[in-house]
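Owing to the predicted nature of the structure, the values given are computational and were not obtained by experimental measurement. Worth knowing before you read on, the calculation uses all heavy atoms, side chains too, and leaves out hydrogens, waters and symmetry mates.
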Number of protein chains: 2
Amino acid sequence: VATGGRQRKIIGIIGGMGPAATADLFTKITRATAADGDRDHLRVLVDSNPAIPDRTDAILSGGEDPGPALIETARALETAGAKIIVIPCNTAHWYLESIRNSISVSVLDMIGETASLLAATSGIAVIGLLATSGTLATGLYARALNRVGLACIEPAVAQQDRLMWAIKLVKAGREDQARALALEVAEQLIGRGAQVIVLGCTELPLIVTAQDLAVSVVDPTTVLARAAVLAAGGTLTPTAAPYLS
Amino acid sequence: VATGGRQRKIIGIIGGMGPAATADLFTKITRATAADGDRDHLRVLVDSNPAIPDRTDAILSGGEDPGPALIETARALETAGAKIIVIPCNTAHWYLESIRNSISVSVLDMIGETASLLAATSGIAVIGLLATSGTLATGLYARALNRVGLACIEPAVAQQDRLMWAIKLVKAGREDQARALALEVAEQLIGRGAQVIVLGCTELPLIVTAQDLAVSVVDPTTVLARAAVLAAGGTLTPTAAPYLS
């Protein structure tokens with residue numbers, strides 16, 4: 001892999017939301033980078049800070065504002081040399097503009113990147129969204145998808161409660177129980193016409209794979225990993241669109 | 001999981017040697033931490049710097065000294081608040097003392113921790129070591145094992161060349177080819193009397209599992225992850241000794 005001479009940028013990950021999802025993004029950045037050896041890889045700084053207040057609690061229930069901790073972490077990564085900031089938490093994207101306004105380096109938009117990918121995919125009109133109740137309340141995915149002409153359907157209230165329980169189970173390390181719940185919610189969305197399932201919470205790609213469902217599955221963590229590699233000047237592995245199967 | 005009030009320390013990972021092994025340690029720290037939710041996890045800072053010069057090249061062939069880059073990275077992690085430093089590269093432990101002498105926070109010793117684990121395991125006398133040629137040349141594992149009364153056997157020269165090729169293949173993302181080569185070398189060590197195989201290069205746990213071999217397998221990355229969780233004041237998951245099966 002020829003990378004000599006090209007200017008490459010340091011990637012900074014605002015992590016801890018949750019830690020396993022952060023490790024997942026870091027792993028996917030590594031896998032998405034074409035490399036014959038260590039030196040072909042990109043430098044990545046991670047601050048996995050599980051003390052960042054819960055995003056859904058803040059958005060829905062007036063819980064502690066995670067904005068200051070997100071901004072503080074972004075600034076520390078910028079100071080350490082990061083030029084491309086990524087946030088492996090969909091709900092935290094509610095704070096994207098305030099993070100962008102607080103630092104002078106690039107902050108990628110996982111939700112916008114995912115909508116762009118779907119917009120470029122032929123033959124789909126209805127997207128089924130699995131996300132936290134906080135992300136649903138912000139309308140971030142629905143607006144991003146509507147802007148590119150796609151409809152977004154979400155779980156009904158009782159189903160959404162089950163999905164939130166599944167996400168909590170992943171964060172507590174109980175993946176098998178979580179998987180069964182999440183797949184049940186996804187299948188209801190497919191029954192209502194979803195042609196693609198978006199795993200719009202970074203805990204979900206830890207438990208759901210493309211093979212689990214009858215329709216295509218988009219993993220925004222992989223979408224973000226590939227966008228980060230490109231933005232940092234790395235070379236993508238040649239695998240064709242592994243995030244949409 | 002009750003963690004309230006306990007003083008917990010930030011873990012810093014000197015990474016990039018290689019990046020996939022760094023992500024593996026981070027994942028294993030997360031899995032080793034007992035947690036009901038994000039906030040039970042430890043804060044982890046990672047500097048995955050794949051530009052750190054090759055350790056085996058420096059030790060065996062007079063290649064560029066990785067010492068300065070290791071020390072610079074350790075200092076940056078200390079400045080960022082890390083109190084427990086870990087290095088997911090066995091060969092880089094040749095520079096452990098100079099790193100320890102350059103900073104004032106704790107640096108864990110993956111090789112020493114692994115030897116302590118083996119010393120506490122009954123019924124074993126002969127350890128088969130899979131490691132880089134650089135690690136073998138330093139004698140770090142052999143000395144650490146001998147100190148606790150264990151014999152260490154290493155691959156013969158032609159076998160060691162095959163193992164180095166396997167390690168390079170992992171770093172190039174060609175895991176399947178790498179696995180076949182590494183298992184062949186491990187089986188030769190078992191044929192020569194090894195009662196336990198130590199995966200003494202952090203690329204090897206990415207491709208070899210306990211189920212692949214007829215004897216117990218020790219993964220020093222998991223040993224280090226568990227030592228880091230304890231040193232940082234976290235609570236270990238109750239799984240009994242998953243690193244020795």
**Message:** Please classify the contact between B/Thr30 and chain A as side chain, backbone, both or neither, with a heavy-atom cut-off of under 4.5 Å.
**Reply:**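 Side chain only.
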**Asked** Which bit of A/Ile29 is near chain B, if near means a heavy-atom gap under 4.5 Å: side chain, backbone, both or neither?
**Response**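 For A/Ile29, neither part sits under 4.5 Å from chain B.
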Using a cut-off of under 4.5 Å for heavy-atom pairs, which of [options] has the most such pairs with chain B?
{"options": "A/Gly37, A/Ala23, A/Ala51", "answer": "A/Ala23"}
{"options": "A/Asp54, A/Thr22, A/Thr33, A/Asp24", "answer": "A/Thr22"}
{"options": "A/Leu42, A/Asn49, A/Leu169, A/Leu45", "answer": "A/Asn49"}

**Prompt:** Is the number of heavy atoms from other residues, nucleotides or ligands within 6.0 Å of CZ (B/Arg100) greater than 12?
**Reply:**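 Atom CZ in B/Arg100 is packed in, count exceeds 12.
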**Request:** Write out, in numerical order, the residues from residues 83-95 of chain B with a heavy atom short of 4.5 Å from a heavy atom in chain A.
**Result:**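 Interface residues of residues 83-95 of chain B: none, nothing closer than 4.5 Å to chain A.
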**Item:** Residues of residues 9-19 of chain A with any heavy atom under 4.5 Å of a heavy atom in chain B
**Value:**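 At a heavy-atom separation under 4.5 Å, chain B is reached by A/Gly16, A/Met17, A/Gly18, A/Pro19.
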**Item:** Heavy-atom pair with the smallest gap, counting every atom of B/His41 and A/Pro50
**Value:**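 Heavy atoms of B/His41 and A/Pro50 come nearest at O-CG, 3.4 Å.
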**Asked** Is a salt bridge present between A/Arg43 and B/Asp47, judged by a nitrogen-to-oxygen distance below 4.0 Å?
**Response**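 B/Asp47 and A/Arg43: salt-bridged.
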